[in-house]
S.K.: 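After the structure tokens below, expect a handful of questions from me.
All of these numbers come straight from a predicted model, not from anything done at the bench. Just so we're on the same page: letters track the sequence lines, and every chain starts at 1.
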There are 2 protein chains.
Amino acid sequence: MTVPSASRRDRKKAATRQAIADAALQLFLERSYDQVSIRDIADAADVSTATVFKHFSGKEALVFDQDEDRESQLIAAVRQRPSGQNILDALRQHVLDTWPAIGAHPQAAEFTNLVNSTPALRAYAERMWTRYTDSLSAAIADEFGVDHDNLACVALARFVLEIPVLARDRKDRRAAVEALFDILTHGWEPPNKPPAL
Amino acid sequence: MTVPSASRRDRKKAATRQAIADAALQLFLERSYDQVSIRDIADAADVSTATVFKHFSGKEALVFDQDEDRESQLIAAVRQRPSGQNILDALRQHVLDTWPAIGAHPQAAEFTNLVNSTPALRAYAERMWTRYTDSLSAAIADEFGVDHDNLACVALARFVLEIPVLARDRKDRRAAVEALFDILTHGWEPPNKPPAL
DNA sequence: TCGCTAAGTAGAGTCGTTGTACTTTTCTAC
DNA sequence: GTAGAAAAGTACAACGACTCTACTTAGCGA
């Protein structure tokens with residue numbers, strides 16, 4: 001991603017950061033999240049515990065290393081959508097394109113499992129999503145030329161960001177995402193009663 | 001609320017719990033959340049720190065003492081709604097009836113302020129709401145005679161529980177709640193462009 | 001080559017939280 | 001009433017996440 005920065009200093013910095021993240025993920029997968037202490041990680045990466053916190057804001061952040069670009073991709077999906085396309089449709093497309101792909105990688109299954117089986121990580125992940133609400137809603141509001149805190153825009157952002165969370169556990173994620181966007185587009189409809197037994 | 005329980009033991013237990021919660025809230029309001037330690041609270045309530053954790057699952061829980069009934073009220077709003085009434089309308093009614101009332105109490109303003117100005121508490125409060133998702137969606141699913149994990153029902157529960165969060169900061173909460181339920185009922189509509197200046 | 005600065009380290013300390021073993025209080029059954 | 005089970009509370013030690021302070025080291029620019 002980020003081109004190896006010019007200075008040797010920056011390269012070394014990035015290297016230690018990476019070493020820490022790698023060590024952390026490996027240990028978390030071997031044992032579980034709660035069974036690994038910061039000290040363990042620091043030892044494995046051969047740095048002091050203080051260094052760990054110089055690079056990461058907290059234990060949970062060690063797991064979600066690279067999730068910083070997600071936000072910008074999301075904004076881009078809104079801002080640079082094909083001309084004439086509905087914002088809701090653009091978001092639907094973006095979620096469909098980028099999200100189920102994550103499950104494709106083979107290691108990603110264990111990763112997902114790690115997160116889902118650790119309450120602290122689940123909570124952190126959910127907050128990560130909703131933390132994007134502000135910037136996403138701002139982008140949407142801009143597209144309509146209304147105030148950044150316009151209620152409809154904030155609501156749309158929030159609801160859309162809930163969709164991946166809601167679709168996470170479904171067998172057929174794509175279908176779930178579609179169904180959820182349909183709710184936002186056309187309003188909620190009562191579920192079909194199953195045929196009487 | 002809860003009738004003073006028969007046994008003296010239970011009464012004393014409830015008393016200490018209350019003493020702890022009161023001490024905590026007072027200290028949190030005086031100084032801020034982060035400037036108050038569990039020891040401070042224990043000392044103020046004249047109990048040991050261990051006792052604090054016997055009564056409350058963690059520091060955040062001290063702030064949201066009585067929010068246990070909210071869940072059951074919510075379920076009741078769905079289950080015992082006037083016959084023939086739409087579930088969405090029943091929920092709209094319930095939110096309108098019970099939620100803005102909270103802002104009525106005079107002390108409640110400082111309380112809201114405390115929560116909103118403390119990230120840890122904001123996060124905890126949000127998770128509290130979404131934790132209700134399961135039981136609410138189960139209640140909704142029951143009304144339609146479908147599976148508890150029916151996607152439409154889970155989605156409705158989740159979206160409805162986001163509404164109070166979204167409406168929290170608005171000047172006119174009632175109007176905001178109405179607008180948000182309208183989105184769920186009829187689908188999302190782009191905001192009105194403000195009249196050109 | 002000489003500092004300046006940023007990265008890293010050591011180590012002590014705070015705070016939330018848990019576990020263990022002990023005392024006190026209240027309830028229950030005789 | 002009194003014995004003894006059960007529950008509430010306490011004291012204390014411990015652990016892990018995180019912070020702070022003071023110190024060393026390594027890369028950078030002049």
S.K.: Is any side-chain N of the basic residue among B/Arg31 and B/Asp40 closer than 4.0 Å to the acidic one's carboxylate O?
M.R.: yes
S.K.: Can B/Lys59 be said to sit on top of B/Phe53's aromatic six-ring, NZ or CZ under 6.0 Å from centre and within 45° of the ring axis?
M.R.: no
S.K.: Do nucleotides 16-26 of chain C as a string where each nucleotide becomes B, S or -: B if the base has a protein heavy atom under 4.0 Å, S if just the sugar-phosphate does, - if no protein is that close.
M.R.: SBB-------B
S.K.: Indicate yes or no: does B/Glu71 engage B/Arg131 in a salt bridge with an N to O separation below 4.0 Å.
M.R.: no
S.K.: Is B/Asp182 salt-bridged to B/Arg92, cutoff N-O under 4.0 Å?
M.R.: yes
S.K.: Write down the atom of B/Glu126, the atom of A/Thr130, and the distance for their closest heavy-atom approach.
M.R.: OE1-OG1, 4.3 Å
S.K.: A side-chain contact here means heavy atoms from C-beta on lying under 4.5 Å apart; do B/Lys54 and B/Lys13 qualify?
M.R.: no
S.K.: Using Watson-Crick or G-U wobble pairs with both distances under 3.5 Å, give me DNA chain D in dot-bracket, 5' to 3', with [ ] for crossers and | for pairs to another strand.
M.R.: ||||||||||||||||||||||||||||||
S.K.: Please list, in 5' to 3' order, the outermost nucleotides of DNA chain D lying under 4.0 Å from any heavy atom of chain A.
M.R.: D/dA17 to D/dC28
S.K.: So, does A/Ser48 get its side chain near the phosphate of C/dT9, meaning an N or O under 4.0 Å from OP1 or OP2?
M.R.: yes
S.K.: Does A/Arg127 qualify as a cation-pi partner of A/Phe64, given the criterion of NZ or CZ under 6.0 Å from the six-membered ring centre and within 45 degrees of its axis?
M.R.: no
S.K.: Of all heavy-atom pairs between B/Ala167 and B/Val177, which one has the smallest distance, and what is that distance?
M.R.: CB-CG2, 3.9 Å
S.K.: For atom NE2 of B/His186, decide whether the heavy atoms of other residues, nucleotides or ligands shown that lie under 6.0 angstrom number more than 12.
M.R.: no
S.K.: Tell me whether A/Arg17 forms a cation-pi arrangement with A/Phe56, defined as NZ or CZ under 6.0 Å from the six-membered ring centre and within 45 degrees of its axis.
M.R.: yes
S.K.: How close or far is atom C1' of C/dT9 from atom CD1 of A/Ile20, stated in whole angstroms?
M.R.: 13 Å
